[in-house]
Amino acid sequence: MDIPAKYDAAASESKWYKYWTDNNFFGSKPDGRKPYTIVIPPPNVTGVLHMGHMLNNTIQDILTRRARMKGFNALWVPGTDHASIATEAKVVQKLAKQGIKKRDLTREQFLKYAWEWKEEHGGVILEQLKKLGASCDWSRTAFTMDDLRSESVMKVFVDLYNKGLIYRGLRMVNWDPKAQTVLSTEEVIYREEKSHLYHLKYYIAEGETITPTGTEGEVIHKDDKGYYAVVATTRPETIMGDTAMCINPKDPKHQWLRGHKVIVPLVNRVIPVIEDRYVDIEFGTGCLKVTPAHDANDYALGQTHNLEVIDIFNPDGTIAPAGQLYVGMDRMEVRKQIAIDLKNAGLLEKIEDYDNKVGYSERNADTAVEPRLCKQWFLNMKHFADIALPPVLEGKIKFYPNKYVNTYRNWLENIQDWCISRQLWWGHRIPAYFLPTAEGEEEKYVVALTPEEALELAHKVKGYENITIDQLQRDEDALDTWFSSWLWPVSLFNGINQPGNEEIKYYYPTTDLVTGPDIIFFWVARMIMAGEEYMKDVPFRNVYFTGIVRDKLGRKMSKSLGNSPDPIELMEKYSTDGVRMGMLLCSPAGGDLLYDDELCLQGRNFTNKIWNAFRLVKGWSVDDNIPQPEASKKAIEWFENKLNKTLAELDKMFVDFRLSESLMLVYKLFWDEFSSWYLESVKPAYQQPIDGATYKATIAFFDKLLEVLHPYIPFITEEVWQLLETRKQGESIMVAQMPEAGSYDEKLLERFETVKDVIAKIRQIRQDNGLAQKESLECFAKLVDGDYDDYFNAVITKHCNLAKFELIPAAIDGAKTFVAKNVEYYIPLGDKIDKEEELKKLNAELDYTRGFLASVEKKLSNERFVSGAPAAVVDREKQKLADAKMKIEALEKQIAGLK
RNA sequence: GGGAGUAUAGCUCAGCUGGUUCAGAGCAUCUGCCUUACAAGCAGAGGGUCAUAGGUUCGAAUCCUGUUACUCCCACCA
C-alpha cells in the first residue's frame with residue numbers, strides 16, 4: 001500500500017462524514033438496546049457557530065460517540081431555537097434598511113418576512129456542526145416553532161391556564177424600549193456604570209410654615225425662595241412622574257418635613273411627604289423622590305401609601321403627553337436636557353459622580369431596561385419550584401460540577417413568577433381570546449387551543465351567549481422563547497401531543513445534558529419543571545455544565561473585543577480533530593477555559609503522531625515463519641496490561657465527566673506507552689520483516705487505541721482504522737465496539753516501570769559518553785538483595801542495543817554503574833570512563849541517600865509515630881529504611897572499587 | 001448586602017476519605033540529537049515554603065480558623 005507521508009485532514013473529513021451519514025450511523029430508533037440520549041441545547045436558528053458552541057458540541061459528540069460504541073442505542077437530537085427577541089430584532093433591522101417599518105406591517109406580513117429570513121439564514125449553524133463532526137440524528141432536526149413543537153406549546157399553555165397556574169396580572173415589569181417588549185427578570189443583566197447623582201431642590205409648598213423640631217442633627221435648607229428639601233436621584237428625567245417624596249420617619253435630618261408638601265422642580269406639582277422605613281437614612285440625602293410608574297420599589301411604596309401613578313413614558317422610551325414637559329424626547333436626551341434646565345432654574349444643587357448598576361436586556365446590550373407597569377401573563381412558579389427542587393437535591397439529577405446545586409436551590413427557593421408574554425410577533429402567539437367589553441370595563445377573556453373552542457367557552461360567559469367568532473380578539477402577544485425550550489426533552493419525542501408514545505417511553509428521561517451555567521435558570525431548571533409536570537419524571541440524569549470560553553488572558557470572548565476566533569477557520573487551519581482536541585485540552589472539569597490556538601496545534605500534532613505510527617506499522621512486511629522475539633512477547637504482555645488498566649481508569653473518568661483528563665490519559669497512552677515504549681520494543685530492524693504473531697498483536701492494539709480515541713478525534717481514527725485492515729463495505733469505527741477493560745496485573749506494570757528506569761539510565765550513559773545507538777554495549781547486573789527479576793531483560797536488551805546482558809556475582813571495577821531497585825548495573829566502557837566524574841556522581845547520590853536514611857530513622861525512632869500510625873504505614877517506613885541501607889552499602893562498595 | 005468557588009512549576013491544571021501516585025501531568029523553557037514512522041519529531045534536564053498566619057495531629061498541599069487576592073451567581077441604596 002502506498003501511504004502518503006502527510007495526513008490529508010480536509011479530504012478525510014468530508015469523505016468520512018458523508019460515509020457516516022450515507023450509512024445512517026447517526027440515526028436511532030427505539031429497539032431492544034439501552035438508550036443513550038442527549039438533546040442539543042438548540043442554538044438560535046439564525047446564529048453562527050462560536051467557540052462556546054464548539055466546546056459544548058464537541059463534548060456532546062464525544063459522549064454520544066462513546067455511548068454508541070459502548071453498545072447503547074445512542075441518539076443525539078439536533079434542532080434550533082426561534083429566539084424570539086433576537087430574531088425579531090434582526091428582521092426589524094433588515095426591514096428598516098429597506099425602509100420598511102414594522103408598525104406599518106400587519107402581523108401576517110411581518111411573519112412572512114420573518115419566515116423568509118429564517119429560511120435564508122436558518123440552519124447555517126447546523127451545517128457548521130456537521131463540519132465539527134457532530135453525530136446528530138439529522139433526520140430528527142427540530143425547530144421550536146415547527147408544527148409539533150408549536151402544538152405542544154399551545155397545549156401546555158391551555159393546560160396550565162386551566163390548572164390555574166397561568167394568570168394575567170398588572171405588574172411592574174422590565175421593559176425593553178428598543179424591542180418594545182417586556183422581559184423576564186432573568187433576561188435583565190445589570191452592569192456597573194459611571195453615572196451621576198443629581199441633587200434636586202424640592203421647595204416646600206407655598207403657604208406652608210416650617211417649625212424646626214429641634215431634633216439633634218436636623219438639616220433645614222432655606223434660600224431666598226423659601227424652605228426646600230434635597231433629593232438625590234440618578235434619574236432626574238423621571239421627576240415628571242413623581243407623586244410623593246419619602247423620608248424615613250426616624251431620620252433626624254428631616255423631622256421638620258413631616259406632614260408637609262413639596263413642589264416637584266420644573267413640573268410644579270405639589271406632592272406629599274410620606275414616611276416609610278424603606279428609605280435608607282444614610283444614602284444620598286435621605287430624601288427619596290417617589291415615582292411609582294417607573295421604579296419597582298417606588299411602585300411598592302405607591303401601593304402602601306396609595307399614591308397616584310403617572311406613567312410618563314411611551315413604549316419606545318420617549319416622553320408621553322402625561323409627562324407634560326419634553327414630550328416626544330428620548331429619556332436619555334431628557335436626562336441631559338433636564339439637568340441643564342434645572343440648573344438654569346436654580347433647582348439643581350449639585351451633581352455627584354456615582355457608580356450605578358443599570359439593567360440591560362440580555363439580548364440587546366445597548367438599551368437600558370425601563371421598569372414599567374403593565375398587564376402581562378405570568379406563570380405561578382411556586383408550584384414548579386416545589387416539584388423541581390427534590391430531584392436535584394435527592395440526586396436523581398446530578399450536576400457536574402456539583403456546586404451548581406447550591407445555585408439552583410437558591411434560585412428556586414427565592415423564585416418569582418415568570419412573565420411569559422412578550423410583545424413580539426415572532427413566536428408562539430398566546431391562545432387567549434378577549435371578549436368585547438365596554439370602555440373602562442374590566443377585560444374578559446377565554447383561553448383555548450382554537451378559535452372555535454374559544455367561542456364555545458365564550459358562549460358560557462354570562463352576557464356573551466350569542467357572540468360570533470369575529471368578535472373574539474386573539475391576544476397579540478407571543479410567548480417567551482423559553483416557554484417552548486423548557487419542553488424540549490419532552491416535545492422532541494412528541495410527549496406532549498401524544499403522551500405515552502413509543503419514542504417518549506423509550507428515550508425519556510434523556511441521559512446527559514451539556515450546557516453552559518449561564519442558562520441554568522432560563523433553561524435547565526425550567527426543563528426540570530416541565531419534565532416533572534408533564535412526565536412526572538426528570539428530563540435528564542446528568543447535567544454537565546461547561547465553562548465559559550475565554551481567551552488566554554482570561555477575557556470573555558466577544559465580538560467587540562475581536563478576541564473570538566472563527567471556528568470554521570480554525571478547523572481549516574488545524575483540522576477538525578485538532579480543534580476538537582484543542583477545545584477539550586483546555587476545559588478543566590468545572591472551570592472556565594482559557595483558550596489558546598497552541599492547544600489546537602497540539603491536537604493537530606497528535607493526529608500527525610497517529611498517522612506516523614500507522615505508517616510505521618503498515619510499512620512492515622510480515623513473515624509468519626520467523627520466530628517471535630522474546631522482547632516482543634514481553635512487550636505485548638506488558639502493553640495488554642497497560643491498556644486494560646487505562647481503559648478502567650477511562651471508564652471512571654467518564655462517570656465523573658472528567659473529559660479533559662480522560663483525553664490526556666489516552667493521549668499519553670498512545671504517544672508514550674504505545675509509540676515510545678511498545679512500538680520501539682517490537683519494531684524490527686530496518687528492512688527486516690516482523691513475525692506474524694507480533695504483527696497481529698500490534699494491529700489489534702492499534703485498533704483498540706483508535707477505537708478509544710475515536711470519540712475525541714473521529715476523522716483521523718476512521719481514516720486509519722479503515723486502512724489498518726481490510727474492512728467490509730459499510731463497516732466503520734464509529735459503530736465498532738469500544739474495547740472493554742480487562743483485568744490487569746498491577747505488579748507487572750510496576751516491574752515494567754523499573755525496566756523503563758533502567759533503559760533511561762543506560763541511555764543516559766550513552767549520551768554522557770557520546771555513544772551512538774548503533775554501537776552495542778555490554779551490561780552486567782549484580783543482585784544486591786532479594787530475587788533477581790529478569791522477566792523483561794529482552795526488552796532492555798532491545799532498547800539499549802546490548803550485545804551482552806548477564807547476571808554476575810561480583811562488582812566490576814572501572815565500569816559505569818547505577819542502581820535500580822535491588823540490582824546494580826555495570827557497563828564497562830574500557831578507558832572511556834572518567835573516574836573523577838563518576839566518583840563525584842556516586843558521592844552525590846550517597847549523600848542524598850544518607851540524608852534520606854536519616855529522615856526515615858528519625859521517623860521510626862519517634863515512638864509516638866510507631867505506636868500511633870497504622871501498621872502498614874510503619875512497615876512501609878521500615879521497608880524504606882532497609883532499601884536505603886542496601887543502597888548505601890552498594891554505593892560505598894562502588895566508590896571503594898573505583899578508588 | 002447574601003451566597004458559592006478558586007489560590008500548587010513560566011502557563012493551564014490533577015492531587016478524593018490526612019502517611020508510596022506526595023509534591024505530579026501537559027504545554028512552554030533549556031541541553032543533546034536531521035538515529036530510515038514521525039524535527040508537527042527523538043532522548044534527557046531544570047523549575048514549586050503547595051496564597052498567607054495560626055491551629056488540630058506522631059505526621060498537613062490535603063482537616064479547622066483567621067487574613068489577603070481573584071472569579072462567578074443572587075439581591076439592588078434612589
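Side chains included, hydrogens not; waters and symmetry mates left out as well; all remaining heavy atoms used. Residue numbers begin at 1 in each chain, while the letters A, B, ... track the order of the sequences.
- For A:Gln767, whose side chain is taken as the heavy atoms from C-beta onward, the closest listed nucleotide among B:rA43, B:rA25, B:rC38 is B:rA43.
- Sequence order on RNA chain B of the closest nucleotides to A:Arg763 and A:Thr185 puts A:Arg763 first from the 5' end.
- Here B:rC22 sits opposite no nucleotide as a Watson-Crick or G-U wobble pair (both hydrogen-bonding atom distances under 3.5 Å).
- Between A:Pro292 and A:Gly241 the shortest heavy-atom distance is CD-O, 3.9 Å.
- Taking atom C1' in both B:rG5 and B:rA37, one finds a spacing of 46 Å when rounded to whole Å.
- The six-membered or imidazole ring of A:Tyr404 lies away from that of A:Phe399, with a centre-to-centre distance of 6.0 Å or more.
- For the P atom pair drawn from B:rU20 and B:rU35, the interatomic distance equals 44 Å after rounding to whole Å.
- With both ends at atom P, the span from B:rG26 to B:rA14 equals 16 Å, rounded to whole Å.
- For A:Phe521, the ring-ring contact (aromatic ring centres under 6.0 Å, His included) partners two or more places apart in sequence, or in a different chain, are A:Trp411.
- Considering only side-chain atoms of A:Phe521, the nucleotide from B:rC58, B:rA43, B:rC74 that sits closest is B:rC74.
- Searching all strands for a Watson-Crick or G-U wobble partner of B:rA37 with both distances below 3.5 Å returns nothing.
- The partner of B:rU71 is B:rA4, by the rule that a Watson-Crick or G-U pair needs both atom distances under 3.5 Å.
- As judged by a 4.0 angstrom heavy-atom cut-off over every strand, A:Leu594 is placed among residues touching the sugar-phosphate backbone only.
- For B:rA61, there is no paired nucleotide, since no Watson-Crick or G-U wobble pair has both relevant distances below 3.5 Å.
- In summary, the aromatic rings of A:Phe283 and A:Tyr354 are positioned with their centroids under 6.0 Å apart.
- In this structure, of B:rC72, B:rG44, B:rC38, it is B:rC38 that holds the atom nearest to the side chain of A:Asn612.
- Between A:Tyr667 and A:Phe606, the ring planes are tilted. Angles from 30° to 60° get that label.
- The residue A:Gln773 sits apart from the nucleic acid: no heavy atom pair falls under 4.0 Å.
- For the pair A:Gly286 and A:Leu616, both in contact range of RNA chain B, the more 5′-proximal nearest nucleotide belongs to A:Leu616.
- Across the protein-nucleic acid pair, A:Ile520 atom CD1 and B:rC74 atom P stand 10 Å apart, rounded to whole Å.
- Here B:rA78 sits opposite no nucleotide as a Watson-Crick or G-U wobble pair (both hydrogen-bonding atom distances under 3.5 Å).
- Between A:Lys774 atom NZ and B:rC33 atom P there is a gap of 15 Å when expressed in whole angstrom units.
- Using bins of under 30°, 30° to 60° and over 60° for the plane-to-plane angle, the ring pair A:Tyr400/A:Phe657 lands in the tilted bin.
- Applying the Watson-Crick and G-U wobble criteria (two distances, each under 3.5 Å), B:rG66 pairs with B:rU52.
- Rounded to whole Å, the C1' atom of B:rG48 lies 5 Å from the corresponding atom of B:rA9.
- Taking the side chain of A:Leu679 as heavy atoms from C-beta on, and the options B:rA37, B:rA40, B:rG26, the nearest nucleotide is B:rA37.
- The side chain of A:Lys357 sits closest to B:rA75 out of B:rA37, B:rA43, B:rA75.
- Comparing B:rU62 with B:rU57, their C1' atoms are spaced 13 Å from each other, to the whole Å.
- At least one side-chain nitrogen or oxygen of A:Tyr354 sits closer than 4.0 Å to the OP1 or OP2 atom of B:rA78.
- OP1 or OP2 of B:rC42 has at least one side-chain nitrogen or oxygen of A:Lys609 nearer than 4.0 Å.
- In this model, the phosphate group of B:rA14 is not approached by any side-chain N or O of A:Arg658 to a distance below 4.0 Å at OP1 or OP2.
- To the nearest whole angstrom, the two C1' atoms, one in B:rG46 and one in B:rC63, are 34 Å apart.
- Taking the syn range as angles within 90° of 0, the glycosidic angle of B:rU8 is outside it, so the base is anti.
- For A:Arg550, counting side-chain heavy atoms from C-beta on, the closest listed nucleotide (B:rU71, B:rA78, B:rC38) is B:rU71.
- A sub-4.0 Å separation between OP1 or OP2 of B:rC27 and a side-chain N or O of A:Tyr667 is present.
- Heavy atoms of A:Val874 sit nowhere under 4.0 angstrom from any nucleic acid atom.
- Counting any heavy atom pair closer than 4.0 Å across all strands shown, A:Lys289 reaches no nucleic acid atom.
- Between A:Phe674 and A:Phe670, the ring planes are tilted. Angles from 30° to 60° get that label.
- Checking B:rA4, B:rC38, B:rG44 against the side-chain heavy atoms of A:Lys403 singles out B:rA4 as nearest.
- A:Lys652 and A:Asp656 are not joined by a salt bridge, as no carboxylate oxygen comes within less than 4.0 angstrom of a charged side-chain nitrogen.
- Nearest nucleotide to the A:Thr233 side chain, out of B:rA78, B:rC76, B:rA25: B:rA78.
- For A:Glu680 against B:rA37, a side-chain-to-base donor-acceptor contact under 3.5 Å is present.
- A sub-4.0 Å separation between OP1 or OP2 of B:rA37 and a side-chain N or O of A:Ser675 is absent.
- For the OP1/OP2 pair of B:rG26 and a distance below 4.0 Å, the side-chain nitrogens and oxygens of A:Trp671 include no atom meeting the criterion.
- For B:rA9, there is no paired nucleotide, since no Watson-Crick or G-U wobble pair has both relevant distances below 3.5 Å.
- With a cut-off of 3.5 Å on both pairing distances, the Watson-Crick or G-U wobble partner of B:rG44 is B:rC30.
- Note on A:Ala772: nothing from the nucleic acid sits closer than 4.0 angstrom, heavy atoms only.
- With both ends at atom P, the span from B:rA25 to B:rA45 equals 11 Å, rounded to whole Å.
- Taking the syn range as angles within 90° of 0, the glycosidic angle of B:rU21 is syn.
- Looking at A:Thr285, its side chain does come within 3.5 Å of a backbone N or O of A:Val230 through a donor-acceptor pair.
- Of all nucleotides listed (B:rA75, B:rG26, B:rC74), B:rG26 comes nearest to the side chain of A:Gln602.
- Comparing the C1' positions of B:rC13 and B:rA7 gives an interatomic distance of 13 Å, to the nearest angstrom.
- OP1 or OP2 of B:rG41 has at least one side-chain nitrogen or oxygen of A:Asn605 nearer than 4.0 Å.
- Computed from coordinates, the A:Phe545 CZ to B:rA4 C1' distance equals 14 Å when rounded to whole Å.
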